[in-house]
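Reminder, nothing fancy here: chain letters follow the sequence lines and each chain counts from 1.
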Number of protein chains: 2
Amino acid sequence: MSTKQKPEDRALHLEQFLPYRLNVVGFFASRALGRVYGTRFGIGIPEWRVIAQLGEFGQLTSRDIGELSQMHKTKVSRAVSELDKRGLVTRAENRADRREAFVALTAAGQRLYAQIVPLALAFEERWIEGIAPEELRVFERVLAVLTERGRHLAGAYQTEEA
Amino acid sequence: MSTKQKPEDRALHLEQFLPYRLNVVGFFASRALGRVYGTRFGIGIPEWRVIAQLGEFGQLTSRDIGELSQMHKTKVSRAVSELDKRGLVTRAENRADRREAFVALTAAGQRLYAQIVPLALAFEERWIEGIAPEELRVFERVLAVLTERGRHLAGAYQTEEA
DNA sequence: CCCAGTTAGTTACAAGCGCAACTAATGTCA
DNA sequence: TGACATTAGTTGCGCTTGTAACTAACTGGG
């Protein structure tokens with residue numbers, strides 16, 4: 001006879017419960033970054049993500065931005081509108097498909113991007129400082145697996161339950 | 001002369017930017033769990049956290065709950081009120097300090113807790129399934145370091161900038 | 001004993017969010 | 001070609017959230 005413990009008999013300790021821990025660390029990340037961008041540049045996380053993607057890829061539709069940065073289309077829409085209002089991005093209608101528009105950084109947007117990138121990298125550097133490189137590699141590999149699995153467990157935006 | 005790259009010269013790739021990745025995985029965790037609790041029990045993440053802490057520790061003040069589960073005191077206040085309204089917790093004034101009250105699960109609350117725990121553990125199990133135990137241990141150790149550092153980088157709630 | 005400072009918890013308010021519904025444009029298939 | 005489905009993007013709405021302000025109770029130094 002097996003004496004192995006059935007899952008339903010194990011106790012739950014929230015502070016060791018992985019989903020909880022991931023949510024907490026993600027919250028800290030968001031909050032800390034929000035302070036950096038917010039206090040120095042007056043932008044929020046969604047705006048920052050839009051700028052980051054445009055800085056990296058040059059020109060994208062809102063749909064692409066949402067997919068690349070895991071944001072709901074309404075959040076993208078509002079972030080792009082805000083950045084447009086501030087003169088940091090432009091929207092150019094795609095003549096081949098007039099439903100969509102190509103969003104790109106203006107000169108001012110590019111200057112802002114150039115300012116933020118070093119801060120973001122320094123922030124990341126300070127955060128992972130002192131962690132052994134090989135441990136960090138393991139961490140990132142596991143994180144990638146958990147993220148991909150989490151995506152399925154969570155279900156994508158506006159997707160019907162299959 | 002050194003040829004090492006200065007940080008400000010490195011490029012930023014959002015999808016590899018750690019704060020972003022942590023935020024995304026935390027979002028998936030929260031969303032997936034929210035579905036489990038929400039659809040089956042009609043409660044949200046804050047309510048779940050309160051129940052989890054009470055199930056583990058038996059009796060706590062709202063302040064303790066907030067500290068243990070990393071929630072703002074207003075969020076705790078609202079979650080406890082909601083659970084009280086549903087008859088899942090009771091509030092008993094502490095006679096030695098009448099500002100605070102001891103919150104505890106009712107019998108119904110304990111039954112709910114007993115129902116949720118196996119689901120939560122099974123969810124976690126499904127999420128980490130197939131990941132090598134030693135990699136998981138490394139992951140969790142690094143996660144603990146990042147969380148602690150993130151707590152400081154983010155700053156606690158309603159704390160003045162020191 | 002008293003008064004200034006601190007703490008537990010609640011609430012008004014505004015900002016941010018996702019869902020659902022909508023408009024406008026494109027794709028599809030007979 | 002024409003009717004129906006799909007897609008990009010916006011907006012109205014209700015819900016959740018954190019900040020700030022508040023009440024009530026406790027603490028401690030004089």
Side-chain angles (χ1 to χ4, degrees), chain A residues 23 26-28 30-32 34-35 37-39 42-50 59-85 89 91-103 154-161, chain B residues 23 26-28 30-32 34-35 37-39 42-50 59-85 89 91-103 154-161:
Chain A
N23 199 56
F27 171 75
F28 287 155
S30 169
R31 187 176 171 88
R35 289 197 171 186
Y37 307 151
T39 61
I43 61 170
I45 297 284
E47 289 77 20
W48 149 247
R49 286 192 184 175
V50 170
Q59 195 185 54
L60 295 165
T61 65
S62 288
R63 204 195 72 87
D64 295 332
I65 295 171
E67 195 165 313
L68 286 168
S69 57
Q70 298 293 326
M71 293 197 293
H72 192 267
K73 61 179 180 174
T74 61
K75 204 190 267 188
V76 175
S77 174
R78 285 160 181 147
V80 170
S81 291
E82 176 66 23
L83 293 171
D84 190 9
K85 204 169 66 186
V89 304
R91 284 189 268 205
E93 177 185 79
N94 176 9
R95 293 207 188 155
D97 184 346
R98 291 175 25 253
R99 288 172 302 183
E100 64 186 21
F102 294 121
V103 184
Y157 280 120
Q158 58 203 47
T159 313
E160 302 305 315
E161 305 282 321
Chain B
N23 200 55
F27 171 76
F28 287 154
S30 169
R31 187 178 171 89
R35 289 197 171 187
Y37 308 150
T39 62
I43 61 169
I45 297 284
E47 289 77 20
W48 148 248
R49 286 192 184 175
V50 170
Q59 193 185 55
L60 294 166
T61 65
S62 288
R63 203 195 74 86
D64 294 333
I65 296 172
E67 194 166 314
L68 286 168
S69 58
Q70 298 294 326
M71 293 197 293
H72 192 267
K73 61 179 180 174
T74 61
K75 202 189 266 187
V76 175
S77 174
R78 284 158 182 148
V80 170
S81 290
E82 176 67 22
L83 293 171
D84 191 10
K85 204 169 65 185
V89 304
R91 285 189 266 205
E93 177 186 78
N94 176 10
R95 293 210 188 150
D97 183 346
R98 288 170 32 250
R99 286 172 303 182
E100 66 186 19
F102 294 121
V103 184
Y157 279 120
Q158 58 201 49
T159 314
E160 303 303 316
E161 304 283 323

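Rounded to whole Å, atom P of C:dC17 lies 11 Å from atom CZ of B:Phe27. Rounding to whole angstrom units, CZ of residue A:Phe28 and P of D:dG18 are separated by 12 Å. Between the CD atom of A:Glu100 and the P atom of D:dT7 there is a distance of 13 Å, given to the nearest Å. Atom CD in B:Gln70 sits about 16 Å away from atom P in D:dT17, given to the nearest Å. Between A:Met71 atom CE and C:dG18 atom C1' there is a gap of 14 Å when expressed in whole angstrom units. A straight line from CZ of B:Arg35 to P of C:dC19 spans 8 Å, rounded to a whole angstrom. Between A:Arg98 atom CZ and D:dA8 atom C1' there is a gap of 13 Å when expressed in whole angstrom units. Atom CZ in A:Phe102 sits roughly 14 Å away from atom C1' in D:dG9 (whole-Å rounding).
Under the side chain to side chain contact (heavy atoms under 4.5 Å, CB included) criterion, B:Ser81 pairs with B:Arg91, not counting sequence neighbours. Shown here are the side chain to side chain contact (heavy atoms under 4.5 Å, CB included) partners of A:Glu82, two or more places apart in sequence or in another chain: A:Glu47, A:Lys85, A:Arg86. Every residue meeting the side chain to side chain contact (heavy atoms under 4.5 Å, CB included) condition with B:Asn94, not counting sequence neighbours, appears here in chain and number order: B:Ala96, B:Asp97, B:Glu100, B:Phe102. Residues forming a side chain to side chain contact (heavy atoms under 4.5 Å, CB included) with B:Ser77 (at least two apart in sequence, or on another chain): none. With sequence neighbours excluded, the residues that form a side chain to side chain donor-acceptor pair (under 3.5 Å) with B:Thr61 are B:Asp64. A:Glu67 pairs by the salt bridge (Lys or Arg N to Asp or Glu O under 4.0 Å) definition with A:Arg63, not counting sequence neighbours.
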Detail all sub-3.5 Å separations between protein N/O atoms and N/O atoms belonging to nucleotides 11-16 of chain D.
from	atom 1	to	atom 2	distance (Å)
D:dG12	O6	A:Arg78	NH2	2.9

Provide a list of protein-nucleic acid N or O atom pairs under 3.5 angstrom, restricted to nucleotides 1-7 of chain C.
from	atom 1	to	atom 2	distance (Å)
C:dT7	O4'	B:Arg99	NH1	3.4
C:dT7	O2	B:Arg99	NH1	3.0

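Between B:Val103 and B:Leu60, every side-chain heavy-atom pair lies at or beyond the 4.5 Å cut-off. Using a 4.5 Å heavy-atom threshold, the side chains of A:Met71 and A:Pro46 count as touching.
Two residues, A:Asn94 and B:Val76, neighbour DNA chain C, and the one matched to the more 5' nucleotide by heavy-atom proximity is B:Val76.
Put simply, the side chain of A:Ser30 never gets that close to the backbone of A:Gly26: no donor and acceptor are under 3.5 Å apart.
Among the heavy atoms of the strands lying under 4.0 Å from B:Arg91 are primed sugar atoms or P, OP1, OP2 only; no base atom is included.
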